[in-house]
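Each remark here refers to the structure printed beneath this line.
Not measured: the values here are computed from a predicted model. Heavy atoms only: backbone and side chains are in, while hydrogens, waters and symmetry mates are out.
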Amino acid sequence: MRGRRREWRAVAEVIRAAGDGQGAVLLVESQAGMGKSRLLAEAGAAARARGFALAAGAAEELAPLIPMAPLFMAAGQSPELAGPDLHTRLLEQLRAALAARTPLLVTVDDLQWADPTTLTAVRSLQWRLAELPVGWILARTVTEGHREVDCLFDILERQGARRLLLPPLSPPAVAELCADLLGAEPDAGLLALAETANGSPALLVELLEGLRDEDRLDVRGGVARVLSERVPERLCASVRQRLDLLSAEARHLVETAAVLGRSFRLEAAAELLSSAPAPLLPALEEAITAGVLVPGPAETLRFQQEILWRAVVSGLPPAVRRALHRQADDVRPSRDAAGESGVLAALRRGDLAAAAERAEADRAALPPEAAQARLRCDLLAAEVVEARDGAEPAMALVRHLYAEPCRWLLTAEPAAAPWLVRLALAVGRREPAERVAELAGRDPRLAAAAAHARGLLRADPVALARAARTGADPWCRASAAEDLGALLAESGERPDALGNLGEALSGYDACGATRDAARVRRRMRRLGVRHRHWSTGERPASGWDSLTATELRVSLLVAQGWTNRQVADQLFISVHTVAFHLRQVFRKLEIGSRVALARLAAQRSASGE
């Protein structure tokens, strides 16, 4: 169980207590894809290894049609559809399992789908068997609209059950899981791609197995490398199944908002849906509770995992995606006035599907005589291919640009010179990189781009620093700062490297380049820094700084003595969502009561934080 040491200790405590002749209850809840089913399976195997009897069941989405189906499954029986003595017969079956005086572990998964009869029976059976050596592990995915299971978990927790929330995997655990699945250590590129799953075990497994199924991994010498970063179809199918768990309204909101980028404003999504923001709040709350969306900075929303967002976009039918992108172009603030093409705008926010479609459409719209504009389209299309498929396929598209570098193209696209140099170096071709750098250096209008290109070609920190100060626009300056930070990191100058990477991160964030910002964060993590940025979910594991904006608001209101209902009314969310956030607050602050929260909040206020 990679990255689940704390959670496994809780499971082991249930097994130990039952083995000592005591009853124990563990409540496991998580957002979709965090590995709760795997945790229950491993718990069952561990209990069997200790000589336990095991009763394992799971509810299904159609479970309300078959009362108590998951419990009969746990007892190894075929449920009947009717009969007043179902509960009595099931109790007798469980008691019979204990007749040999061996401890029993009962696991029931996916209780969010359980019918009221099953939930009532679970509560009754747990109470009747409380004095016997029975351990219970009950699990559910946190979703909206399942009030009965909310009540069951609340009752059991008040009566002594431990409640456990599965968090995302840590970066070291992600690396270990990659190695486990592939039988090889992931290289930096593959590890960076894996980190776009933001610690979701299910998404990570689907990503890696999809890459392997589609032969897009190169495993040699004990090292695994990714050949293409396109979203595998297997992952797209998994994400579609996850979205199917949402209501039609929430799924429609998620799929439509995805074309706006990984981050978006609710007002923009509402405009795409021809709606006011207020009617979308129930669907938005459902998507947040399900872990698909999270609050971002500056009144934005964002997809919790980058790879999930990419899969949602890729999973839209091409005709629908194109239509939504055309509509989104009218909604999204335009940057073309500043000279940035629609292709670059989509590429920098990480929407590779939109960038590819826009590049193809732009080229198709050119008249035959537009030779210069065609060169620009070739360049932009190659940038998209490089981001999606790697350097070699991109080089195949732009070899003609190196044969006779065009000063007009370098002037029209300020980032062209350093990009062409970087691409040539990436495929081991220094001579064409030198030609581009030499041509850019003869034009005073290209001084900053020439310095950037020269800095890359000669590993010259002075030239890169000049480009970072004088670049043609904020993105160009951020790009040079990133390259400078990477160069300094290679030479062991960690403090200066982090300083320049921090400048690059701020620059990318300021111009909405979410894909580039994510790459810089990965570079900083490899240097041992988890940059605090509220939009990424990359926070400390505990303490006040680990709280999201919503969790902080909930905690401060509760600390003032507000009830969950009052907090819900104040924040326009459900009582269940308040309780969910409050449990995360308790876990992150390592406390167990509202009194302790009030005391910590008072201490925080007194210290001036």
Side-chain angles (χ1 to χ4, degrees), residues 1-9 30-39 42 166-232 234-235 238 291 303-311 350 390 482 485-486 489-490 492 494 497-498 501 505 515-533 536-542 546:
M1 292 298 293
R2 296 295 190 185
R4 295 296 187 215
R5 185 173 302 172
R6 179 182 70 92
E7 292 77 10
W8 188 250
R9 284 199 299 265
S30 73
Q31 293 172 337
M34 287 301 166
K36 65 175 176 55
S37 298
R38 175 65 182 274
L39 184 69
E42 293 289 338
L166 294 187
L169 295 179
S170 65
V174 167
E176 291 172 350
L177 184 54
C178 289
D180 290 344
L181 289 172
L182 302 178
E185 294 296 323
D187 76 340
L190 178 55
L191 192 57
L193 179 61
E195 289 176 352
T196 64
N198 287 69
S200 167
L203 290 177
L204 181 58
V205 169
E206 295 294 346
L207 171 64
L208 295 176
E209 294 189 348
L211 292 172
R212 185 165 54 192
D213 292 346
E214 297 175 15
D215 294 324
R216 292 200 267 125
L217 289 175
D218 176 23
V219 181
R220 286 182 291 178
V223 177
R225 302 171 180 84
V226 64
L227 301 177
S228 171
E229 295 190 3
R230 281 181 295 180
V231 181
R234 176 175 182 147
L235 177 58
S238 176
F303 286 79
Q304 178 148 270
Q305 292 96 8
E306 179 184 341
I307 196 67
L308 183 147
W309 163 66
R310 289 171 54 188
E482 180 187 359
E490 290 177 1
R494 183 175 179 274
L498 289 173
L501 289 175
L505 182 59
R515 174 176 175 271
D516 302 299
R519 184 181 60 248
V520 172
R521 292 190 185 95
R522 293 194 288 270
R523 289 186 186 273
M524 298 179 79
R525 285 199 293 273
R526 289 196 286 270
L527 292 174
V529 173
R530 292 182 62 76
H531 194 280
R532 197 177 96 177
H533 189 283
T536 67
E538 299 165 1
R539 304 179 179 84
S542 61
S546 70

Between L166 and S30 the two heavy atoms that sit nearest each other are CB-CB, 3.8 Å
Separation between CZ (R234) and CG (L211), nearest 0.5 Å, reads 11.0 Å
Could you tell me the separation between the CD1 atom of I307 and the CD atom of E195, rounded to the nearest 0.5 Å? 12.5 Å
Which heavy atom in G199 sits nearest to a heavy atom in V174, and how many Å separate them? CA-CG2, 4.3 Å
What's the shortest heavy-atom distance between G485 and A497, and which atoms? O-CB, 3.3 Å
Could you tell me which residues satisfy salt bridge (Lys or Arg N to Asp or Glu O under 4.0 Å) with E7, sequence neighbours excluded, listed by chain and number? none
Once side chain to side chain donor-acceptor pair (under 3.5 Å) is applied, do any residues pair with E306, and if so which ones, sequence neighbours excluded? none
By salt bridge (Lys or Arg N to Asp or Glu O under 4.0 Å), R526 pairs with (sequence neighbours left out) none
Determine, step by step, whether E482 and R519 satisfy the salt bridge (charged side-chain N to carboxylate O under 4.0 Å, His left out) criterion, reporting the C-alpha distance in whole Å, the side-chain angles of both residues, the deciding distance to 0.1 Å, and the verdict. CA-CA 10 Å; E482 180 187 359; R519 184 181 60 248; 2.7 Å; yes
For R5, what residues pass the side chain to side chain contact (heavy atoms under 4.5 Å, CB included) criterion, not counting sequence neighbours? R9
Would you call R4 and R38 a side-chain contact if the rule is heavy atoms closer than 4.5 Å? no
Could you give me the CA-CA distance, side-chain angles and deciding distance for R522 and T196, then say whether side-chain contact (heavy atoms from CB on, under 4.5 Å) is met? CA-CA 9 Å; R522 293 194 288 270; T196 64; 3.8 Å; yes
Could you list the donor-acceptor pairs under 3.5 angstrom formed by side chains in residues 176-194, with sequence neighbours left out?
from : atom 1 : to   : atom 2 : distance (Å)
D180 : OD1    : R2   : NH2    : 3.1
D180 : OD2    : R2   : NE     : 2.7
D180 : OD2    : R2   : NH2    : 3.4
D187 : OD1    : G189 : N      : 3.3
D187 : OD1    : L190 : N      : 2.8

How would you list, by chain and number, every residue that makes a salt bridge (Lys or Arg N to Asp or Glu O under 4.0 Å) with R230, sequence neighbours excluded? D389
Interatomic spacing from CG in L208 to CG in L217 - rounded to 0.5 Å: 7.0 Å
Rounded to the nearest 0.5 Å, how far does CG of L501 lie from CG of L505? 8.5 Å
The reported gap from CG in L308 to OG in S200 (rounded to nearest 0.5 angstrom) is 8.0 Å
Student check: side-chain heavy atoms of M34 and P168 closer than 4.5 Å: yes
For the pair D516 and V520, evaluate side-chain contact (heavy atoms from CB on, under 4.5 Å) and give the outcome as yes or no after the intermediate values. CA-CA 6 Å; D516 302 299; V520 172; 5.8 Å; no
Can you name the nearest heavy-atom pair linking G291 to Q305, along with the distance? O-OE1, 4.2 Å
